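Structure first, commentary second.
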Amino acid sequence: MSGAAPTPPARRRAVAAGLASTVVVGLLTGCTMLPAPPPPVPTSVVPSEAPRPEPTSTGDLSPDGFDQAQRMAVRIRNVGCGALSTGSGFAIDDHTLLTNRHVVADSAELQLSTYDGRDVAVTAASTAALADLAIVRTADPLPAAPQLADADPTVGQVVTVIGYPLGGQLTVSTGEVLGSTTDPLNENLGEVLVTDAPVEPGSSGSAVLDADGRVVGVVYAKDAEEHSFVVPVSTLRSMLADSSAFAPAPTCSR
Amino acid sequence: MQPDDLSARDDDQPPPRVERPTAPADAAADASAGAGPAPAAIVLPPGTPLPPGLGSVATDPGPAPARPRRTGILVLSLLLVGVLLGAGLLLARMITVNQAWQEASADWEQLARTHGEQLATAQGQLDATSSELESVRSQLATAQQRITQLADEKAQLGDTTEAQRQLADYQERVSQAAGNVAVALASCIDGQRQLIGYMDEADRYDATQLAGFRQQVETLCGAATDANTQLQRELTR
């Protein structure tokens with residue numbers, strides 16, 4: 001009979017042990033449920049390398065605030081034999097600029113000036129026979145040079161023309177490519193582009209830029225309907241790639 | 001009946017004496033509850049040998065039930081002390097942790113206020129700088145426009161200068177040509193006047209010499225004609 005049920009002292013010990021265990025477990029649980037002490041507070045939470053937000057606009061980041069398109073433009077004065085004319089051009093590298101053949105032809109002297117009025121000395125000029133294009137070499141470095149686009153602009157593409165219409169101030173105008181046609185002046189091999197960008201005499205040789213500022217053509221003529229004609233960049237590239245395409249420009253003697 | 005009930009009742013009453021061989025009511029109740037029959041106490045005369053199986057239960061009836069009570073009290077007391085000690089430690093721990101969190105919270109608040117002040121200062125500086133930037137941008141735009149105007153003025157002046165130089169060259173060429181015409185004409189006229197005089201007194205001069213002089217005068221007048229042609233060419237350029 002004593003093996004079937006605990007005797008009173010044994011039961012008391014069991015109860016006491018149970019209570020003790022409960023108390024110990026309770027204390028341990030209470031200790032573990034307490035939050036740990038806080039970590040030390042830093043003296044500063046400013047990150048050593050702060051995130052730099054991307055600028056919302058590129059702005060005018062050139063050395064003098066003029067953008068690339070303005071800095072590459074060059075005004076050309078053709079001092080002929082009893083004649084004077086002006087045209088536009090643009091740099092394609094540090095000492096080379098591109099313009100039209102008829103801008104530099106029959107000159108006794110070529111005078112260049114940049115967007116900020118600086119004069120640039122000319123060392124040589126050469127013209128292309130198969131396109132109304134000319135290359136002028138300079139003794140002084142040119143301020144900036146753009147990139148040539150890889151392909152001709154498509155119909156409807158917005159283009160920007162920058163040059164010196166009427167020999168006046170540097171002017172930026174925009175237009176849209178209307179299509180392509182054969183050269184009405186028969187001065188260019190292949191087709192030329194037609195745009196509605198306003199140009200004037202003196203705009204000849206102006207760079208035609210796409211939205212990314214790359215050259216997609218060179219203005220060389222206009223018609224009575226205010227359409228401007230542009231030598232496409234594909235022709236430009238092919239001419240520049242052919243070293244024999246350019247010959248010394250014809251001059252006049254005073 | 002439970003053992004605790006028994007102990008509680010034992011504290012109030014003296015230990016029961018076993019007087020009768022009959023089973024008490026509790027034992028009977030326990031038996032009736034199915035817990036098994038309680039051991040019965042049997043009083044035997046001294047010297048009576050115990051029957052086998054009864055052991056020595058009836059021979060040790062004294063203080064045996066009081067020992068578990070003291071043990072229980074001791075255990076409970078120790079347990080109570082332990083509980084109080086643990087609770088005290090736990091409370092001390094809670095107070096310590098609470099103070100630490102309060103201090104940390106205050107430090108964080110101070111840090112936040114410091115950074116807030118710095119942020120406010122930086123925002124103020126940013127506003128001022130933005131305002132200055134706008135002003136500088138406006139000045140830059142004005143300067144750019146002015147530079148473009150000056151460049152154009154210089155270019156126009158260069159054009160004008162070049163045009164005037166060409167005009168001066170033209171006028172110089174025309175004047176030179178006109179001067180040449182005048183000189184040649186004067187020579188022609190002088191020669192012709194002199195030739196007329198010679199012709200009026202032709203008898204006094206050799207006919208061959210007169211013919212030679214006439215040829216010279218015609219050459220002079222021809223030079224005047226050439227000079228005039230050059231002048232006309234310059235005028236038409």
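Small disclaimer: the values here were computed from a predicted structure and weren't measured. Note on naming: letters A, B, ... go to the chains in the order of the sequence lines (proteins, then strands), and numbering restarts at 1 for each one. For the numbers below, each heavy atom of this structure counts, side chains included, while hydrogens, waters and symmetry mates do not.
Between B/Lys154 and A/Asp116 there is no salt bridge, since no side-chain nitrogen of the basic residue lies less than 4.0 Å from a carboxylate oxygen of the acidic one.
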| request: Using the side chain to side chain contact (heavy atoms under 4.5 Å, CB included) rule, take B/Glu103 and A/Val41 through it: C-alpha gap first, then chi angles, then the decisive distance, then the call. | output: CA-CA 9 Å; B/Glu103 292 173 358; A/Val41 178; over 6 Å; no
| request: For side chain to side chain contact (heavy atoms under 4.5 Å, CB included), just list the numbers for A/Phe66 and B/Leu140, CA-CA rounded to whole Å, side-chain angles, deciding distance to a tenth of an Å, and then say yes or no. | output: CA-CA 9 Å; A/Phe66 286 89; B/Leu140 177 62; over 6 Å; no
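For the residue pair A/Tyr115 and B/Ala151, the shortest heavy atom distance occurs at O-CB, 3.4 Å. Looking at every heavy atom in both residues, B/Arg93 comes nearest to A/Pro37 through NH2-CD, 3.6 Å. Scanning all heavy atoms of the two residues, the minimum distance from A/Gln169 to B/Asp152 falls at N-OD1, 3.3 Å. The two residues A/Leu170 and B/Thr148 make their nearest non-hydrogen contact at N-CG2, 4.2 Å. Taking all atoms of both residues into account, the shortest heavy-atom contact from B/Ala155 to A/Arg77 is O-NH2, 2.9 Å. Closest non-hydrogen pair, A/Val46 versus B/Gln118, comes out as CG2-OE1, 4.5 Å.
Note on A/Pro39, A/Gly117, A/Pro38: by heavy-atom pairs under 4.5 Å with chain B, the leading option is A/Pro38. Among B/His115, B/Met94, B/Gln110, the residue with the largest count of heavy-atom pairs under 4.5 Å with chain A is B/His115. Your options are B/Asp107, B/Thr114, B/Leu167, B/Asp159, and the one with the most heavy-atom pairs under 4.5 Å with chain A is B/Asp159. Heavy-atom pairs under 4.5 Å with chain A were tallied for B/Ser105, B/Ala163, B/Ala112, B/Gly158; the largest tally goes to B/Gly158.
Contact of A/Thr43 with chain B is made through the backbone alone, with heavy-atom distances under 4.5 Å. For B/Leu150, no part lies near chain A; criterion is any non-hydrogen pair under 4.5 Å. For chain B, the nearby parts of A/Pro42 are the backbone and the side chain; heavy atoms of each come within less than 4.5 Å. Heavy-atom distances place no part of B/Ala143 under 4.5 Å from chain A, backbone and side chain included. When heavy atoms are compared at a cutoff of 4.5 Å, B/Asn98 does not approach chain A at all.
To the nearest 0.5 Å, atom CG of residue A/Leu84 and atom CZ of residue B/Arg165 are 9.0 Å apart. Distance check, rounded to the nearest 0.5 Å: CD of A/Gln111 to CD of B/Glu162 gives 5.0 Å.
The closest donor-acceptor contact from the side chain of B/Trp101 to the backbone of A/Ala36 lies under 3.5 Å.
The environment of B/Glu172 atom CD is sparse: at most 12 non-hydrogen atoms of other residues, nucleotides or ligands sit within 6.0 angstrom.
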